[in-house]
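Written below as structure tokens is the structure these notes are about.
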2 protein chains.
Amino acid sequence: MRPSINVNQTERIVRALERAGYQATPNRRLVARLVAATGGHFTAADLLERGRRERVKIGRATVFRALEVLTALRVVERLELPSGSHAYVVCDPDEHHHHLVCSNCGRSEDVADGELARLVDEVGRRHGYRIETHRLELFGICPLCAAATEVTDPGGRA
Amino acid sequence: MRPSINVNQTERIVRALERAGYQATPNRRLVARLVAATGGHFTAADLLERGRRERVKIGRATVFRALEVLTALRVVERLELPSGSHAYVVCDPDEHHHHLVCSNCGRSEDVADGELARLVDEVGRRHGYRIETHRLELFGICPLCAAATEVTDPGGRA
DNA sequence: TTGACGTTGATACTCGGTCTCATTTGGCGG
DNA sequence: CCGCCAAATGAGACCGAGTATCAACGTCAA
């Protein structure tokens, strides 16, 4: 674990805030740091609890508000897990993409839209819809978790 | 509006319940009917309110429970609207598909998975994930709504 | 310094959904 | 037809995520 990665990530988020004209207040910096420190998806409650564990006090509403602006800036996105509940993930604000999420550890990766755009177009044409937005979410087991499972369960199960 | 369409749809749902070993109680029949009568997506609250309007009394919990079993039977699915809120839609329980939803009127159509499976596979391979599930949701303007808009706003806007 | 405005926290509230529990009902064997 | 049991139901408490309100506070510029 190289802390520099998260520090950079935090800075990236803070800069995004400033660029958009928001004050980079201590609270927002805190949220940025907490968000950057997550490996994978998280909820507002997660952040709140980790904040508490670090003995930093921040109001619930403030966390939600920070997530709201980060979502607007597309620094984080909200996704719906297969369970039906919501979670946030950090991601690249700069290009249209989708999410590939590990059902085991929650890690999330951005996936380029790629050929999907073509497919979406085609569906639209076929059904006569003018398509405005689409959302694709992929869930599965990431390489690390797969490797870990192999160790505890060598050879797998029938 | 040909009522027979909805009657058949209702029957289809009721049969699905019975096939799965659930009692087709009056309440469940009612929910089936209400669900079948929706053009597009709906919420539990919608059903409840339409029930009330018909002066049939049914408990809130019962509606949720009915939707729960219908969801399990894949007669309805829950989707997340671009607004972030949830809604249910009726759909075909028999094959894997996705939803194309009109952002204006809420009408929803099933869309075959088609080439998406291949794309999903490829993403999985490229990222080293063993993909378990995926969800694709498309939102746009359906032909009917598009036509209606043309009438009120002929030629469109620049 | 003053005032405007952005930010914050506490708290109340809403909304969708679940849980509990006592009651009712449906279906079935006798 | 009776009686029984499991399934289904309704009322209402509860819950978690998110929003609204409002008063207090910070920041910055004139």
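Chain naming here is simple, since letters A, B, ... match the order of the sequence lines and numbering starts at 1 in each. Keep in mind that this is a model prediction, so the values were computed, not measured.
Remark: P of D/dA8 and CG of B/Leu30 are 16 Å apart, rounded to the nearest angstrom. Spacing between atom NZ of A/Lys57 and atom C1' of C/dG9 amounts to 7 Å, rounded to whole angstrom units. Between B/Arg28 atom CZ and D/dG10 atom C1' there is a gap of 14 Å when expressed in whole angstrom units. Rounded to an integer number of Å, the gap from A/Glu80 CD to D/dA17 P is 14 Å. If you measure from atom CG of A/Leu48 to atom P of D/dG16, you get 13 Å, rounded to the nearest angstrom. As rounded to whole Å, 16 Å separates atom C1' of C/dG9 from atom CZ of A/Arg52. Here D/dA7 presents its C1' atom at 13 Å from CG of B/Leu17, a figure rounded to the nearest Å. Between B/His86 atom NE2 and C/dC15 atom C1' the separation is 12 Å, expressed in whole Å.
Salt bridge B/Glu54/B/Arg50: absent, no basic N to carboxylate O contact under 4.0 Å. Under the 4.0 Å criterion applied to side-chain N and carboxylate O atoms, B/Arg118 and B/Glu115 are assigned as salt-bridge partners. Ion pairing of B/Glu95 with B/Arg74 is absent here, as no side-chain N (NZ or NE/NH1/NH2) approaches a carboxylate O to less than 4.0 Å.
For A/Arg29 against A/Ala24, the heavy-atom pair with the smallest separation is NE-O, 3.2 Å.
Using a 4.0 Å cut-off, some side-chain N or O of B/Thr62 falls inside it from OP1 or OP2 of D/dG10. Close to C/dT8, at under 4.0 Å from its OP1 or OP2, lies a side-chain N or O of A/Thr25. The side chain of B/Tyr88 contributes no N or O atom lying less than 4.0 Å from OP1 or OP2 of C/dG16. OP1 or OP2 of C/dG9 has at least one side-chain nitrogen or oxygen of A/Asn27 nearer than 4.0 Å. Regarding contacts with the backbone of C/dG27, every side-chain N or O of B/Tyr22 stays at 4.0 angstrom or more from both OP1 and OP2.
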Can you give one letter per nucleotide of nucleotides 19-27 of chain D, going 5' to 3': B for a protein heavy atom under 4.0 Å from the base, S for sugar-phosphate only, - for none? BBB------
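Residues A/Val101 and A/Glu137 form no side-chain contact, since every pair of their non-hydrogen atoms from C-beta on lies 4.5 Å or further apart.
Other residues, nucleotides and ligands contribute at most 12 non-hydrogen atoms within 6.0 Å of the CZ atom of B/Arg107.
Residues forming a side chain to side chain donor-acceptor pair (under 3.5 Å) with A/Thr43 (at least two apart in sequence, or on another chain): A/Asp46.
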